[in-house]
Amino acid sequence: MKQHKIKLGVSLYSFSTEFISDQLDLEGVLKRAGEMGYKGVEIVAAQMVPEYPYPSDEWLEYFAGLLKEYDLEPVCWSAYIDMGIRSDRDLTREEIIQYTLNDLIYAKKAGFPLVRTQHAISPEIFRAMIPWCKHLGVKLAIEMHHPHHFDVPLWQEFFAVMRGEGKGILGFVPDFSIFQHRPHQLFLNQAVELGFRPDRLAAVVDKHQAGVPKEAAIESDFSAVEREITTEIYGKFNRPARVEQLREYLDCIFYIHGKFYYLPDDRHDPCVPYEEILTTLRDGGYEGYIASEYEGHHFDAEIDSVAQLQRYVAMNNRILNEQEALT
Amino acid sequence: MKQHKIKLGVSLYSFSTEFISDQLDLEGVLKRAGEMGYKGVEIVAAQMVPEYPYPSDEWLEYFAGLLKEYDLEPVCWSAYIDMGIRSDRDLTREEIIQYTLNDLIYAKKAGFPLVRTQHAISPEIFRAMIPWCKHLGVKLAIEMHHPHHFDVPLWQEFFAVMRGEGKGILGFVPDFSIFQHRPHQLFLNQAVELGFRPDRLAAVVDKHQAGVPKEAAIESDFSAVEREITTEIYGKFNRPARVEQLREYLDCIFYIHGKFYYLPDDRHDPCVPYEEILTTLRDGGYEGYIASEYEGHHFDAEIDSVAQLQRYVAMNNRILNEQEALT
Amino acid sequence: MDFQAYNKILICDDEIVNVRVDSVTIGYEFKIKYPSYRGVFLSCIEALDFYVDGRKLDESTIFFYLNGKQFLLGELSELFKEYWFISDKATIRVIDPNGIAPGSHEVRVFMRHRVPYTGYFGEYLVLDSDESKTLAVSDRQEVSP
Amino acid sequence: MDFQAYNKILICDDEIVNVRVDSVTIGYEFKIKYPSYRGVFLSCIEALDFYVDGRKLDESTIFFYLNGKQFLLGELSELFKEYWFISDKATIRVIDPNGIAPGSHEVRVFMRHRVPYTGYFGEYLVLDSDESKTLAVSDRQEVSP
Ligand SMILES: [Mn+2]
Ligand SMILES: [Mn+2]
């Protein structure tokens, strides 16, 4: 039995509830991550970096001190391609390059070897960043997030760049939202709060799982909100990617977002097929980080992020190790 | 012989050369004004107030301390109506009100009893500011500056507001540029530097003074720059206002800009009829401030502002007192 | 239904403060935060309405303060370089020479905002955040504008 | 011919500095001031061109830094809330992985700018400031972006 080389890191984004409600500041978040045993951290710069997108040297020094103090390793600087910043038009090529170069430079200054970017960068600009990535020694990877997936034609262009000129410099970050196949508990709770009758909701979830078409799942007595949420369930939890595609593009994976919304225990995620995903990655030889990315804070501010993360790490370790033992 | 009650103050704008070249900072400018014997000061907020248009409380406190230290009296907070801020359109009514209210509030906070505004405020908005002026106890006055003058129809509307609802609250600030009748020495020097042949320039000035039409002053051998500057001389030094109009609107004058560009000595300004202006104001019973407003810095950064101001004050005192003695 | 839990941070608990210059009242103010997990540029705000005790406020009486600057609500959609950090409170100042009466008032904020990175297939997610909160008026007598 | 004497302050005497991140050069920078007696909003800048040793720089390689922010030259005309205080220097950073060679270089700046209060009879005064200055390259090895 060979030991797997997957490392479990954390996106500080997982502490959104505590951060935005001022229960934890940046130092508090880093301290907590360190206390939980995490080493590798990802920061969503637009979330936790004051003065972003142009943080001061003072802040950079402060941040370096915190990483050192809590014995953390900077792994991923997460940037956005905020195409829709402006009201009148999308960003131009020059603006996208400006923002991306800015993030590469600040990632470098803050000690991160990798920048997470987004699909809207376009294959052409993605390729155009190669000289800067090489010059700075910082890798650039596009996150693949639901509703995108491997078979979106744009992504075939991205993979061509990653495997061509960008080899070893440009890659991607799969987010497990692409494998999510059913609504999580916090979504269901919110639906009920918004007026979805629990029995009708349960029926919709069952029909969605059974492959009954959306039209047949919407009953004639559904309220507007019930129709809307049913449409969202069908649109959102449709598992657009196949797990074996991870293996197919393993050479392009620089980093992974271990997305989850709510774990009822520390053994199994009912919404994302972690067993299949993790063993595929492990057996395929993936050796990088999987960042715990708790996202339930979109739905419920009362959930304890730390408890969720602890369950998540336990589940990952169990699958990676127990199931390994079985093979 | 009755003693006149005209006070000589200074617009800190007179120290533009020293301020923008970092020879004097705001404290240096205030100190110099105090040393010269001035008491009342005007500040062009967009020039000397850091963080303008939203200066901090720290700055306001600092500024109050400086006024106290150098025994100066805040007289006029000069605001602009920057109609052309935007590239795509002029300011809207709401924006003009926002900027004006902001200046009234900051003037109040900084201890100034008067805000200088500009014609672009429009008669309607000028009137609309009355309740705020009363509420804050700050007066509002429009500067009348060349190329405007008393007979511009807009100004008749302004005077109607000042003499009607705005009585005692709304007024105007004549700037003596409206009486300027010939180019000053720094203008002539600059013209020569730009290539105007000195003899031709002298001939143009003579013809302009003699009332020869512009077309007849432009010789057939004039270069483009000579034509351009001749046109500027005719356009700019045309004395659009008559000095007796000061007396006519004396009841609306809250403050005065003693505009000058270059004084060759401390007795007489060759370009602005100070003898006539000052005796008219004095004999009409004007009791407010005349701010020394040296403006040669637009043309020559080598002139010593202090020396010019000293000549200016001496000239004013001579005219106000000597000529009084003669009557 | 993403983003819904963030609406809870929209209206801050800070008290409403009457704003005075020397002893002259010029209005009152309260604080809001951007209802998301991350900061954005102000140009992503598509609509912003305020109600106090059920009455909609005239937008010409409202100044939005952030980053040491003062904005009109009508300017927000153009401010593509003005970043609203998620931990920073914006001050909403209502210009009113009478200020606001002591006691408690119900403040309602409606914000329509665009999530600028969500155009996966062309359309941006546009959220409506609509929150109300009862806020007390502060006893403080002196406040800096 | 008003405003002409102010052009002298356009290009600052500060040395040109090669900008490095750790040991990696990303470009070089020099400083300019607004050529007037007063501050304005950046939206009053109608054109801004830079030349180094006679060669016009590609505007896509230039970042304009002011007020702690970074702008593209193409953005300036829209920045009606970004105030350039007359005493503040803007940093012009030229993105170039080679930096600039040691020694002296001639920097030329052309700025066309609108004086926003001059519309006495409808037309704004628009000024062309065109200055050149020889600047030395600094020996400093480490600079913060
Ligand atoms: Mn993700
Ligand atoms: Mn004046």
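Just so we're on the same page: letters track the sequence lines, and every chain starts at 1.
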Counting only non-hydrogen atoms closer than 4.5 Å, does [X] touch chain C with its backbone (N, CA, C, O), its side chain (CB onward), both, or neither?
X	answer
Val152(A)	side chain
Glu302(A)	side chain
Ile85(A)	both
His297(A)	both
Ala46(A)	both
Phe15(A)	neither
Ile229(A)	side chain

Heavy-atom distance under 4.5 Å to chain A: side chain of [X], backbone, both or neither?
X	answer
Thr118(C)	neither
Phe85(C)	side chain
Phe41(C)	side chain
Phe3(C)	both

For this session: State whether Phe80(C) and Arg86(A) meet the cation-pi test: NZ (Lys) or CZ (Arg) under 6.0 Å from the six-membered ring centroid, and within 45° of the perpendicular axis.
Result: yes

For this session: Tell me, please, whether Tyr80(A) has Arg38(C) positioned over its six-membered ring: NZ or CZ under 6.0 Å from the ring centre and within 45 degrees of its axis?
Result: yes

For this session: Determine whether the aromatic ring centres of Phe176(A) and His146(A) lie less than 6.0 Å apart.
Result: no

Exercise. For the rings on Tyr294(A) and Phe260(A), is their centre-to-centre separation under 6.0 Å?
Worked result: yes

For this session: Could you check whether the rings of Tyr52(A) and Trp77(A) sit parallel, tilted or perpendicular, using 30° and 60° as the cut-offs?
Result: tilted

Problem set entry | Top contributor to chain C contacts, counting heavy-atom pairs under 4.5 Å, from Val44(A), Thr17(A), Leu194(A), Asp90(A) | Asp90(A)

Seminar exercise, completed: Looking only at Ala301(A), Pro50(A), Ser16(A), the option with the highest number of non-hydrogen pairs under 4.5 Å against chain C is Pro50(A)

For this session: Determine, for Arg112(C) against Asp49(C), whether the closest basic-nitrogen to carboxylate-oxygen distance falls under 4.0 angstrom.
Result: no

Problem set entry | Candidate list Leu76(C), Leu127(C), Leu125(C), Leu48(C), test side chain to side chain contact (heavy atoms under 4.5 Å, CB included), partner His113(C), passing option | Leu127(C)

Problem set entry | Any side-chain heavy-atom pair of Val205(A) and His208(A) under 4.5 Å | no

Exercise. Is a donor on one side and an acceptor on the other found under 3.5 Å between the side chain of Glu51(A) and the backbone of Ser56(A)?
Worked result: yes

